[in-house]
Amino acid sequence: MFSVGTIPASANTGRSAAWTPKQAPRGSGAGAGPETPEVAARSTGPPGGALSDHGDPNEAPTGEWRVRGPAFSFAPHPSSTRRAMRLRPLRSLPRVPRPSPLVPTSTQSSFCARASRSPAVPSGLSGAGPGHCAHLSQVAGPVDRGDPDPVAGFLNWCRLVGLELSPKVAVSRQGTVAGYGMVARESVQAGELLFVVPRAALLSQHTCSIGSLLERERGALQSQSGWVPLLLALLHELQAPASRWRPYFALWPELGRLEHPMFWPEEERRCLLQGTGVPEAVEKDLANIRSEYHSIVLPFMEAHPDLFSLRVRSLELYHQLVALVMAYRHGPSFSLSPQNCLRMVATQPIPKGHEIFNTYGQMANWQLIHMYGFVEPYPDNTDDTADIQMVTVREAALQGTKTEAERLLAYERWDFLCKLEMVGEEGAFVIGREEVLTEEELITTLKVLCMPAEEFRELKDQDGGGDNKREEGSLTITNIPKLKASWRQLLRNSVLLTLQTYATDLKTDQDLLSNKEVYAQLSWREQQALQVRYGQKMILHQLLELTQVGSFPVP
């Protein structure tokens, strides 16, 4: 029902925002599922986030939690992503297809406030920034551009479809940081209902006008992403003259101006985001999108020319809709109340005049720019992370060998860790500002790669079963200096190798950020990429300080 945009990184603070407070369990065990987040509302901090209703609330979760792959094919919930070892790819589908911006868990869902994300009602798309809140691109052209007041048309449509909006809130451009937003007309108390959306108003493959056809062809429409039926529903409704969602589409942003890195020129993407892991993830996304479109989507549209006009048979448009769904779709965690509707309530007072926001949850800046096209400026994103590729730790260990026998033993240790499912060729250890999020995987890797040869032989003979002792809190940031010297040295060498993958060093980025005039002259993309790089490097340099000889715990 609602589709909202993200907020520019420079947006003002002091508004009402939202987040998902619950986190997935620690560790990254295969098949571990997420806790369904509770969503709540309050007034705090900078704005941001997004809200949408695209998707199938009845889909069953599938796949593997350990996977961290391209957003199009592998998009675990943000809470789990922070807690899971990032591997690309182990399975074709994640347990949750998208980090759901708004995940109701019961009859009354709630809003909760936190750091900047995005508005709770229609606005510009992710990270589009100022001036990027135009209407739907002409490539689809389903909307009458002559409507002088699309908000009034949208609200009238809401009444017709049974969407109940509290008189204490309003959809408006005034008082919002980017495009359309939801603003508190009066003070809202905790527990008060904000709006109710009937299931019939939710746009999905089940509620669209070709839902019966998509259901009959469900077997032929199976894909790696699992999104083909939904995307076909969107493609059809966009160009259907009698689509019941036309007033909703009237508030969509211009799809041709999305700022996700998948829409950047390849050279610009690689230049600005080198070392962050985003270019590699985007390339996999694009390859999967092209394959899915040409092998499934286009043949289906060509087989039903009466349902899909030529103007929507476009790979470019399909790319754009994928980005839209990535940002705003509710996944299978989305649930409806026994009254068969979505109810949103506030869990904290919202002052009069404040804009109401929903957030994406706990996501690092690389995830935000990859999936939504915007970031939070340093140091606002307390959930930011840096990756150390697992193969980089292996390379650091190999560099420490002096003989061929030691080199072969290092490879043997690595193979053993692979057998234990602690490492993978495309995996990464995840480091946060205050803790190592893949603590078990990293500590086991350091232990095995650094233990004496005789001890390793004994462990291997026991098939790993003899070393079940877990060192409590051994890889919290404050305890890293307490690690064995050999472990710290291997970790330090791995960090140094990781820093070499970036095109610029920390000082270069610091100089750009500290000079306001120079920073202001950078393009939107240059600014966003700089924030991603800098946040990651700050985390990695903190590790360098903590792993140096003579380092001591941070108080």
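In this structure, His370 contributes its side chain and Val278 its backbone to no donor-acceptor pair below 3.5 Å. In this structure, Asn381 contributes its side chain and Met363 its backbone to a donor-acceptor pair below 3.5 Å. Counting only distance, with no hydrogens or angles, the side chain of Thr385 and the backbone of Val430 share no donor-acceptor pair below 3.5 Å. Judged purely by atom type and a 3.5 angstrom limit, Arg433 uses its side chain to pair as donor or acceptor with the backbone of Pro379.
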Start with the C-alpha distance between Ser225 and Glu292, add both sets of side-chain angles, then the distance that settles side chain to side chain donor-acceptor pair (under 3.5 Å), and finish with yes or no.
-> CA-CA 8 Å; Ser225 71; Glu292 184 171 280; 2.8 Å; yes
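Ion pairing between Glu412 and Arg457 holds under the 4.0 Å rule for side-chain N and carboxylate O. Salt-bridge annotation for Glu406 and Arg413: absent, with no side-chain N of the basic residue lying under 4.0 Å from a carboxylate O of the acidic one. Ion pairing of Asp511 with Lys507 is present here, as a side-chain N (NZ or NE/NH1/NH2) and a carboxylate O approach within less than 4.0 Å. For Lys284 and Glu280, the salt-bridge test fails: no basic side-chain N is under 4.0 Å from an acidic carboxylate O.
Note: Leu273 CG to Ile369 CD1 = 5.0 Å, rounded to the nearest 0.5 Å. The distance from atom CG of Leu544 to atom CD1 of Ile539, rounded to the nearest 0.5 Å, is 12.5 Å. To the nearest 0.5 Å, atom CG of residue Leu506 and atom CD of residue Gln510 are 4.0 Å apart.
Side-chain contact check for Asn493 and Gln489: at least one donor-acceptor pair (N or O, by modelled atom type) lies under 3.5 Å. Side-chain N/O atoms of Thr476 and Asn479 include a donor and acceptor closer than 3.5 Å.
Evaluation of the side-chain hydrogen bond (donor to acceptor under 3.5 Å, both in side chains) rule for Asp505 yields Thr508 as partners, not counting sequence neighbours.
At a threshold of 4.5 Å between non-hydrogen side-chain atoms, the residues Lys484 and Cys450 do not count as touching. Using a 4.5 Å heavy-atom threshold, the side chains of Gln528 and Glu259 count as separate.
Closest approach of Gln531 and Tyr519 over heavy atoms only: NE2-OH, 3.1 Å. Here the shortest heavy-atom pairing between Ala386 and Gln536 reads CB-O, 3.6 Å.
Under a cutoff of 6.0 Å and an axis angle of 45°, Arg394 and Trp414 form a cation-pi pair.
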